[in-house]
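In each ligand, atom 1 is the first atom listed, and ligand 1 is the first ligand listed.
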Amino acid sequence: MKMARKLVYVETYGCQMNVGDTEIILSILRDNGYDRTEVMEEADLILANTCSIRDNAEQRIHGRIARFAQEKRRGTADGTAPLVGIVGCMAERLKDKLLESGVVDLVVGPDAYRSLPGLLAAVRPDNPQMDVQLSRDETYADIRPVRTDRLGVSAFISIMRGCNNVCSYCVVPYTRGAERSRDAHSIVREAREVFEAGYKEVTLLGQNVDSYLWKSADETVNFAELLRRVAAIDPLLRVRFATSHPKDISDEVIETMASMPNICRHIHLPVQSGSTRMLELMRRKYSREWYLERVARIREVLGEDCGLTTDVIAGFCTETEQDHADTLSLMEEVGFDWAFMFQYSERPGTLAQRHYPDDIPPEVKTRRLEEIIALQNRKSLERYRAQIGKVHEVLVEGPSKKNPAEICGRASNSMMCVFPGSHPAGTYVRVRVVDCTSATLICEEI
Ligand code: 5AD
Ligand code: SF4
């Protein structure tokens with residue numbers, strides 16, 4: 001007799017790693033009787049794959065749990081109440097505290113997804129289940145993720161898990177555990193499979209890809225070598241990666257990028273602050289000068305047009321007006337294409353929370369962040385304007401959201417391009433840039 005299949009609905013928050021993890025979870029669940037639905041109301045199982053990076057990320061998820069509670073109450077009357085599971089970073093951070101509301105049936109941390117089927121078999125309304133064990137070696141290397149992107153153009157491939165840095169503000173080492181690199185052969189195999197399935201782009205993901213290092217009895221593969229192997233699959237497969245760490249990005253990686261045109265000309269290099277004093281307090285293990293030297297090297301080898309993006313935190317512990325001014329001047333000097341910009345949010349259990357006062361008043365954090373954003377908007381426009389007249393090869397993603405007569409896709413440097421046309425998703429089109437905004441290149445096909 002065939003078992004009736006059930007439906008799982010998943011919401012994913014946070015970073016691209018989490019998107020990748022959702023695809024792993026869906027694969028494990030699919031092999032255990034669950035198909036995916038995008039309609040929460042019809043689900044037998046509701047999952048939130050959560051993020052703890054800033055307090056507001058967690059607050060948002062608490063709001064969603066309240067919404068899931070409604071769904072449960074609605075179903076209780078007719079016996080269709082779904083199970084509710086919290087997985088990912090917030091599950092790892094809050095553990096059994098999440099069970100207190102009585103809404104949550106399952107709490108599963110980032111290294112425990114293989115135990116989902118067992119937990120689901122054991123769970124009862126009055127008997128919630130939890131596994132938040134972190135692992136030294138879990139990389140889910142053998143699991144074929146269920147792709148969740150709609151376009152079928154670009155796939156995320158996780159190459160490592162966890163993080164061994166101890167940036168003093170960051171909760172990730174606590175929620176995702178120690179760093180471990182995935183078997184290089186399984187990565188190359190997965191990239192080849194997605195290319196054969198029609199994908200044209202892979203993004204290799206890790207908290208700190210530059211420290212990727214996989215050893216077997218007869219070989220050692222570092223990140224540069226991994227990039228070479230993935231890029232060698234086919235010249236028509238674009239390779240991207242995230243995230244790089246300024247202390248670890250090596251000349252070998254930069255030169256590997258230069259040597260293979262299908263490795264995209266874009267580096268996301270979070271700087272966090274332009275003040276060496278702040279960087280020390282953040283335990284980033286580089287100085288302002290080191291960062292600027294890495295940028296100079298990238299531009300020397302890959303050219304001025306290499307896409308460069310960053311993350312910045314405003315108002316970290318003890319930050320003075322001079323430290324803030326240093327951040328602004330660094331951003332002025334480098335000229336990032338765009339940036340993710342945040343106010344510092346104190347996270348329980350981190351080094352900063354234990355040792356430094358969160359002493360910058362909220363209104364000062366807000367004002368500094370606004371200054372950072374205003375400066376970045378101006379720099380973005382400058383960087384995009386500098387592209388006018390240049391030629392790019394765009395990988396088409398689909399129709400433009402604003403105008404259905406136009407299509408959009410990214411240039412190698414990651415800038416979004418729009419232009420009139422009707423090529424299907426996954427085609428490469430050569431375009432010339434004719435105009436721009438601070439976030440889009442307006443192009444024409446050539
Ligand atoms: N507060 C604010 N921003 C943070 N980030 C990480 N931790 C915090 C925090 N506690 C930012 C960093 C990181 C990005 C993913 O999130 O800029 O690079
Ligand atoms: Fe959020 Fe960081 Fe976890 Fe990603 S790794 S989900 S950004 S806390």
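Given atom 15 (C) of ligand 1, the protein heavy atom at minimum distance is Asp311 OD2, 3.8 Å. Atom 7 (N) of ligand 1 has its closest protein heavy atom at Tyr169 CD1, 3.3 Å.
By the criterion of a heavy-atom distance under 4.0 Å, the side chain of Val172, and not its backbone, is placed next to ligand 2. The side chain of Phe342, and not its backbone, has at least one atom closer than 4.0 Å to an atom of ligand 1 (non-hydrogen atoms only; side chain from C-beta on). Counting heavy atoms under 4.0 Å from ligand 1, residue Val172 does not touch it at all.
Judged purely by distance below 3.5 Å, without hydrogens or angles, the side chains of Asn377 and Ser438 never pair a donor atom with an acceptor atom. Under 3.5 Å, the side chains of Thr350 and Arg354 contain no donor-acceptor pair of N or O atoms. Under the 3.5 Å distance criterion, with hydrogens and angles disregarded, a donor-acceptor pair is assigned to the side chains of Asn49 and Thr22. Side-chain contact of Thr175 with Arg93: a donor-acceptor pair under 3.5 Å is absent, judged by distance alone. Remark: the Arg277 side chain and the Thr318 side chain contain an N/O donor-acceptor pair separated by less than 3.5 Å. Asp21 and Tyr140 share no donor-acceptor pair across their side chains, judged by distance under 3.5 Å alone. Residues Thr309 and His268 bring a donor and an acceptor atom of their side chains to less than 3.5 Å of each other. At a cut-off of 3.5 Å, with distance as the only test, no side-chain donor of His245 or Gln207 sits close to an acceptor on the other residue.
Numbered from 1 in the order shown, with element, the atoms of ligand 2 that lie under 4.0 Å from a heavy atom of Ser52 read 1 (Fe), 8 (S). Atoms of ligand 2 found under 4.0 Å from any heavy atom of Cys51, numbered from 1 in the order shown, are 1 (Fe), 6 (S), 7 (S), 8 (S). Below 4.0 Å from some heavy atom of Gln343 lie the following atoms of ligand 1, by number and element: 1 (N), 2 (C). Each of the atoms 1 (N), 2 (C), 3 (N), 4 (C), 5 (N), 11 (C), 16 (O) of ligand 1 lies under 4.0 Å from some heavy atom of Arg54. Atoms of ligand 2 found under 4.0 Å from any heavy atom of Thr50, numbered from 1 in the order shown, are 6 (S). Per-residue contacts place Cys89 under 4.0 angstrom from the following atoms of ligand 2 (heavy atoms of the residue considered): 3 (Fe), 5 (S), 6 (S), 8 (S). Each of the atoms 6 (S) of ligand 2 lies under 4.0 Å from some heavy atom of Asn18. Every atom of ligand 1 is numbered from 1 in the order shown, and the set under 4.0 Å from a heavy atom of Ile53 is 5 (N), 6 (C), 7 (N), 8 (C), 9 (C), 10 (N), 16 (O). Listed by number with element, the atoms of ligand 2 under 4.0 Å from a non-hydrogen atom of Gln207 are 5 (S). Atoms of ligand 1 lying under 4.0 Å from at least one heavy atom of Gln272, given by number and element, are 12 (C), 13 (C), 17 (O), 18 (O). Residue-ligand proximity, Arg347 to ligand 1, at heavy-atom distances under 4.0 Å covers atoms 10 (N). Those atoms of ligand 2 with a heavy atom of Arg176 less than 4.0 angstrom away are 3 (Fe), 5 (S).
Salt bridge status for Arg161 with Asp111: present, with a side-chain N to carboxylate O gap under 4.0 Å. Salt bridge present: Arg67 and Glu41 bring a charged side-chain N and a carboxylate O closer than 4.0 Å.
Below 3.5 Å of separation, one finds an N or O of Ser345 facing an N or O of ligand 1. Polar contact with ligand 1: absent for Tyr344 (N/O pair, distance under 3.5 Å).
At a threshold of 4.5 Å between non-hydrogen side-chain atoms, the residues Val312 and Phe342 do not count as touching. In this structure, the side chains of Val295 and Glu333 stay at 4.5 Å or more apart for every pair of heavy atoms.
At a cut-off of 2.8 Å, Cys15 is counted among the residues with an N, O or S atom near atom 4 (Fe) of ligand 2.
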